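Side-chain atoms are counted along with the backbone in the values below, which use heavy atoms only and exclude waters and symmetry mates. Chain naming here is simple, since letters A, B, ... match the order of the sequence lines and numbering starts at 1 in each. Quick caveat: nothing in here was measured; it's all calculated off a predicted structure.
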Amino acid sequence: MKAVKYKVLRNDPVADGVYDLVLSGDTSAFTAPGQFLNITVDGLYLRRPFSVCSYGGDAVRVLYKVVGEGTKKMTALRPGDAVDALTGLGNGFDAGRAGESPVLIGGGIGTPPVYSLARELVKRGVRPAVYLGFNSSADVVLAAEFVEMGVVPVVATADGSLGEKGFVTDVIDPAAGSYYYACGPVPMLKAVVSLMRIPGEVSLEERMGCGFGVCEGCAVRTTRGILRVCADGPVFKAEEVIW
Amino acid sequence: MVNTGVMLCGVRLDNPIIAASGCFGYGEEFSRLYDLDVLGSFSFKGTTVAPRDGNPAPRIADAPDGMINSVGLQNPGSQAVRDELLPKMAGYFHKPVMANICGSSVGDYAALAEIFGVQEQVGWLEVNISCPNVKCGGMSFGADPAAAAAVTKACREKTDKPIIMKLTPNAGSVTDVAKACEAAGADALSLINTVQAMRIDLRRRAPVLANVKGGLSGPAVLPIALRCVWDVYESVKIPLVGMGGVSTPADVIEMMLAGATAVEVGAANLVDPFACPKIIDGLPAKMEELGINSLSDIVGAAHG
Ligand SMILES: Cc1cc2nc3c(=O)[nH]c(=O)nc-3n(C[C@H](O)[C@H](O)[C@H](O)COP(=O)(O)OP(=O)(O)OC[C@H]3O[C@@H](n4cnc5c(N)ncnc54)[C@H](O)[C@@H]3O)c2cc1C
Ligand SMILES: Cc1cc2nc3c(=O)[nH]c(=O)nc-3n(C[C@H](O)[C@H](O)[C@H](O)COP(=O)(O)O)c2cc1C
Ligand code: FES
C-alpha cells in the first residue's frame with residue numbers, strides 16, 4: 001500500500017451516471033488487475049473504494065457510477081484538482097491461473113476490473129472470451145475498448161436494447177473454457193458461480209472502514225473462515241465464498 | 001526542547017499517543033508503513049477467550065465527521081494472540097503494548113487477565129467493559145457500577161499489571177461507573193468507547209448496518225469524549241486515558257487539559273494510516289506555540 005496525492009487528468013461522463021476518472025501520479029503500488037484504490041472525498045469521513053480499470057506509467061484510471069453522496073461529489077472533480085488515495089490495495093486477480101481459454105465475466109460497473117485483467121492477459125498472449133451484462137444500452141461501458149484490444153465481448157442487456165436480451169448467465173456456455181474470472185453485483189456473481197462448470201474466481205464488494213486490513217469492517221464468510229474483502233480479497237476462489 | 005513524555009501507571013510513554021483498540025489490529029499492517037516504536041504505545045484488538053466471528057456485514061456506515069461500526073469483536077482468540085501474535089509483535093514493536101480484553105462473563109475477564117497479566121510485552125491491561133456491539137458482556141458490564149466493579153475486582157485478583165478499565169459513554173452515569181472501578185482496584189480508566197448510533201438507507205428503507213445499531217467514533221464524538229473525561233477527572237483520583245475523535249496535536253492537548261494523562265487515537269488511523277506519526281511529529285510545534293514545556297504539566301489544567 002502506498003498513500004499517493006494524484007492530480008485529476010480527466011473526469012468525464014461515459015455512460016448513464018458513469019464517469020471515467022483518470023489520475024496522474026505514482027502507480028507503483030499496483031501489482032495486479034483487480035486491485036483497488038481508496039479515495040478521500042472532500043467533506044466525507046470514510047474513503048471510497050474503486051477498482052482500477054487500468055494502471056501503468058504515471059496514470060491510473062477508474063470508472064465510477066454515481067450511487068450516493070460520495071460518488072456525486074466526485075463528479076465535481078476537474079482537471080488539475082488533487083485527489084488523495086491509498087493505492088495498491090487488495091490481492092487482485094491471479095492471471096497465472098487463466099490457462100489457454102479463460103472466460104471473463106463483467107456485470108455493470110463490475111466491468112472495469114475485468115477490462116484491466118483482459119489487458120494483462122492479452123499482454124501475456126492469451127485471448128480471453130469476454131461476457132458483459134448491463135441493464136440497458138445506456139449503461140454499457142468499455143465494450144468498444146475491448147474490441148480495440150482485439151477481444152470482441154458478448155454483450156447482454158436486461159431490456160434487450162443492445163446485444164442479447166437477458167442476463168449474462170443466459171449467454172455463457174458454463175462448461176467451455178479453462179478458468180473464469182467474474183466481477184459484478186452480488187446477485188449476478190451468485191448466479192455465475194452456481195452456473196459455471198469450470199473453476200474460477202470472483203471479485204467481491206463490501207462496505208469498508210480502512211481498506212487495508214485493520215478494522216475487520218469488510219467481513220466475508222468463506223470456507224477458510226471470516227476473511228477481509230479488502231486485504232484477503234477482493235478476489236476469492238469461487239468455491240470458497242459462502243453466499 | 002519540549003518534553004512529550006508522560007508516565008502512565010508507572011510505565012513511561014515517550015509521548016502520550018496510543019493507537020486505540022480495534023483501529024490498529026495487532027499492529028502488523030502499520031508496521032509495514034512506519035516504525036511503530038515512534039508511538040507511545042498501541043492497544044491491540046479487543047481479544048476474547050475463544051475466537052469470535054463478529055457480526056454479519058455490512059458492519060460499517062459513514063457518518064458526518066465520523067463512522068459507525070458494528071464489527072462485534074471479531075478476533076482470533078486469546079490463545080492465538082498469546083502464542084502467535086505476541087511473538088510476531090516482538091519483531092516490530094519494542095515497547096510495552098496495551099492488551100485490550102473483553103469477556104461475556106466475569107470469569108472470562110478473570111481468565112483473560114490471568115493469560116495476559118503474565119506476558120512480558122504487556123504493559124497494561126485495558127479491560128473493555130464498553131463494547132456496544134456484542135449482545136452479552138461488553139457494555140452490559142460497563143453500564144452498571146456493580147457489574148463494572150465485579151469485573152475490576154476479578155481482574156485485580158489475577159494480575160499485578162496496571163488495570164485500565166475502558167468505559168462507555170452510553171452508561172446512565174459514567175462517573176458512577178468510574179468511581180466503582182476505582183474503588184474496586186482499577187489503576188486507571190480509559191474513555192470513551194464508541195457512542196451507540198445508527199444510519200438508515202433511504203432507498204432500501206432499512207438500517208445500513210446488518211446489526212441495526214453500532215458505535216460512532218471519529219471527530220463527531222470529540223466534544224462528548226471531552227465532557228466525559230472532564231466529569232470523570234472531577235470524580236476519581238486515578239489517571240485517565242482520553243479518546244474519542246482525536247485527530248490532531250491540538251485535539252491531544254485539549255484532551256489532556258480536560259484531564260487525560262495519555263490519549264488514544266482510533267478511527268483517525270483508518271482514514272489516514274499515518275495519523276499517529278503525523279500527530280506525534282506535530283506535537284512539539286503545537287506545544288511551543290501554546291507555551292507548554294512539558295505535556296505532563298497540563299493534565300487537567302483546564303479545571304483551574
Ligand atoms: C473493492 C471495491 C471495488 C469497487 N469498485 C468500484 C468501481 O470500480 N466503480 C464503482 O462505481 N464502484 C465501485 N465500488 C463501489 C463503490 O465503492 C461505492 O459505490 C461507493 O463507495 C459509494 O459511495 P457513495 O458515497 O456514492 O454512496 P453512499 O451509498 O452514499 O455511501 C455510503 C457508504 O456506503 C459505502 N458503500 C456504498 N455502496 C458500496 C458498495 N457497493 N461497496 C462498498 N461500499 C459501498 C460507501 O463507501 C460509504 O461508506 C467498489 C467497491 C469495492 C469495495
Ligand atoms: C472499527 C472499530 C473497532 C473497534 N474495536 C474496539 C475493540 O475491539 N475494543 C475496544 O475497547 N474499543 C474498540 N473500538 C473503540 C475505539 O478503541 C475507541 O474507543 C473509539 O473508536 C473512540 O475513539 P476514536 O473516535 O478515536 O475512534 C473500536 C472502534 C472502531 C472504529
Ligand atoms: S475495511 Fe478495514 S479491514 Fe477491510
[X] versus chain A, heavy atoms under 4.5 Å apart: side chain, backbone, both or neither?
X       : value
B:Leu33 : side chain
B:Asn75 : neither
B:Asn69 : neither
B:Pro64 : neither
B:Tyr26 : neither

**Message:** Please tell me whether B:Phe42 and B:Phe93 form a close aromatic pair, meaning their ring centres lie under 6.0 Å apart.
**Reply:**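 Close enough - the centres of the two rings lie under 6.0 Å apart.
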**Message:** Quick check on the 6.0 Å ring-centre criterion: do B:Phe116 and B:Phe44 meet it?
**Reply:**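 Yes, ring centres under 6.0 Å apart.
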Under 3.5 Å, is there a donor-acceptor pair linking the side chains of [X] and [Y]?
X        : Y        : result
A:Ser136 : A:Asp159 : yes
A:Tyr64  : A:Asn11  : yes
B:Glu126 : B:Asn100 : yes
A:Tyr180 : A:Glu201 : no
A:Glu240 : A:Thr223 : no

**Interface residues of residues 203-212 of chain A facing chain B - heavy atom cut-off under 4.5 Å** =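 Heavy-atom contacts from residues 203-212 of chain A to chain B are A:Glu206, A:Arg207, A:Met208, A:Gly209, A:Cys210, A:Phe212.
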**Asked** When only heavy atoms count and the cut-off is under 4.5 Å, which of residues 66-93 of chain A reach chain B?
**Response** A:Val67, A:Leu86
**Request:** With rounding to the nearest 0.5 Å, note down the distance linking OG1 in B:Thr248 to CD in B:Glu254.
**Result:** 8.5 Å
**Prompt:** Heavy-atom distance under 4.5 Å between the side chains of B:Ile279 and B:Val265, does that happen here?
**Reply:** yes
**Prompt:** Hey, does B:Lys278 have a side-chain heavy atom less than 4.5 Å from the side chain of B:Asp272?
**Reply:** yes
**Request:** Please check if the side chain of B:Asp251 supplies one atom and the backbone of B:Ser247 the other of a donor-acceptor pair under 3.5 Å.
**Result:** yes
Of all of [options], which one pairs up most often with chain A through heavy atoms under 4.5 Å apart?
options                               : answer
B:Met67, B:Arg203, B:Gln74, B:Arg32   : B:Gln74
B:Ala61, B:Pro58, B:Ser70             : B:Pro58
B:Ala220, B:Pro219, B:Cys23, B:Gly218 : B:Pro219

**Prompt:** Is a salt bridge present between A:Arg228 and B:Glu29, judged by a nitrogen-to-oxygen distance below 4.0 Å?
**Reply:** yes
**Request:** Grab the two heavy atoms, one from B:Met243 and one from B:Ser190, that are nearest each other, plus how far apart they are.
**Result:** CE-CB, 3.8 Å
